[in-house]
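Quick caveat: nothing in here was measured; it's all calculated off a predicted structure. Order of appearance sets the numbers: ligands from 1, and atoms from 1 within every ligand.
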Amino acid sequence: MSNTTMIKVEHISKQFGSLKALDDVSLEVSKGEIVCLLGPSGSGKSTLIRAINGLETPENGKIYFEGEEYDKKNATKYHQQRLKMGFVFQHFNLFPNMTVLENLTLAQIRVKKIDEKQAEETAMRYLTRVGLAEKRDEYPNKLSGGQKQRVAIARSLCMNPDIMLFDEPTSALDPEMVEEVLEVMQSLGKEGMTMIIVTHEMGFARTVADRVVFLEDGHIVEENEAKAFFSHPQSERAQLFLSKVMHQ
Ligand SMILES: Nc1ncnc2c1ncn2[C@@H]1O[C@H](COP(=O)(O)OP(=O)(O)OP(=O)(O)O)[C@@H](O)[C@H]1O
């Protein structure tokens, strides 16, 4: 593992009943790298990113984060490591009974023990960053899907993560709202944020990804630089996938 490796996934497998969602998957992501996980529906993309975050527990294999094993059994260390990973869900997962500002300050105050004033300053900095400072006192049900997702991204950024994981962040959005979220993600990438992104947005993946990891049936079928992947995918399965999705 080089000292620029941020995430190392080593031979993980995850089974749901008789279904092997991930089968002996290994992956490394370097600091500052943007990796898109692509593949057909049910190929294991979400399971992989959720396993990296600890939302799924693989039966086999190991995950390392910033050079140290990421293991629930080592609870204190695991908790500290997990705070350094931001996770953005398809369905935003905002707290509906709290204002936007409260959504952004809650974990800072409760988990990081930051005082309220400072937590609010940080929240406002990131809300401004995603273009939503004026929504600070709104409740999530008053926001559009795109705005909710930008709030969710700002909430993750408030925790000062070293890596951001995105699980289909635009899949639940109306088409006209997709762009505003992708723009925020793209600007994060330009600032050097390490990101792993599960997406069905091929145009976006092509623009922002450094590397593409293509999965099918719980396996990594192909790993390639994004440019090479989109111009000359090596595997027949990736070729077939791209020819289908690019013509949709
Ligand atoms: N909690 C679960 N219980 C049972 N089966 C699951 C669970 N989560 C995922 N699966 C199954 O594991 C397989 C991989 O699912 P996963 O969500 O990782 O795929 P995906 O590539 O992200 O798909 P999509 O693009 O449709 O979101 C699928 O067959 C799915 O039905």
Next on the checklist: Give me the residue, atom name and distance of the protein heavy atom closest to atom 6 (C) of ligand 1.
Outcome noted: F16 CD1, 3.2 Å
Item to check | Residue and atom name of the nearest protein heavy atom (relative to atom 23 (O) of ligand 1), distance in Å to one decimal | outcome: G42 N, 2.8 Å
Checklist entry - If we ignore angles and hydrogens, is there a donor and acceptor under 3.5 Å between the side chains of T99 and D137? => result no
Next on the checklist: For L94 versus K148, what's the shortest heavy-atom pair and its separation?
Outcome noted: CD1-O, 3.7 Å
Item to check | Axial cation check for Y70 ring with R82, 6.0 Å and 45° limits | outcome: no
Next on the checklist: Give me the nearest non-hydrogen protein atom to atom 18 (O) of ligand 1 as residue plus atom name, then the distance to 0.1 Å.
Outcome noted: T47 OG1, 2.5 Å
Next on the checklist: Are F95 and R155 packed together at the side-chain level, in the sense that at least one heavy-atom pair is separated by less than 4.5 angstrom?
Outcome noted: yes
Item to check | Sidechain N-carboxylate O distance under 4.0 Å for R125, E121 | outcome: no
Checklist entry - For ligand 1, is P40 a contact, meaning one of its heavy atoms is under 4.0 Å away? => result yes
Checklist entry - Please state which protein non-hydrogen atom is closest to atom 17 (O) of ligand 1 and give its distance, to 0.1 Å? => result S46 CB, 3.6 Å
Checklist entry - Looking only at protein heavy atoms, which one is nearest to atom 27 (O) of ligand 1, and how far off is it? => result E168 OE2, 2.7 Å
Next on the checklist: Just to confirm my output: which protein heavy-atom neighbour is closest to atom 21 (O) of ligand 1, and how far is it?
Outcome noted: K45 NZ, 2.8 Å
Checklist entry - Which heavy atom of the protein is the closest neighbour of atom 12 (O) of ligand 1, given with residue, atom name and distance? => result L19 CD2, 3.2 Å
Checklist entry - What residue among E33, E28, K31, E66 forms side-chain hydrogen bond (donor to acceptor under 3.5 Å, both in side chains) with T5? => result E28
Checklist entry - Without hydrogens or angle criteria, can the side chains of S13 and E59 be said to hold a donor-acceptor pair below 3.5 Å? => result no
Checklist outcome for this item: re atom 26 (O) of ligand 1, the protein heavy-atom contact at minimum distance is S41 OG, 2.6 Å
Checklist entry - Within the structure, does A21 bring an N/O atom to less than 3.5 angstrom of an N/O atom in ligand 1? => result no
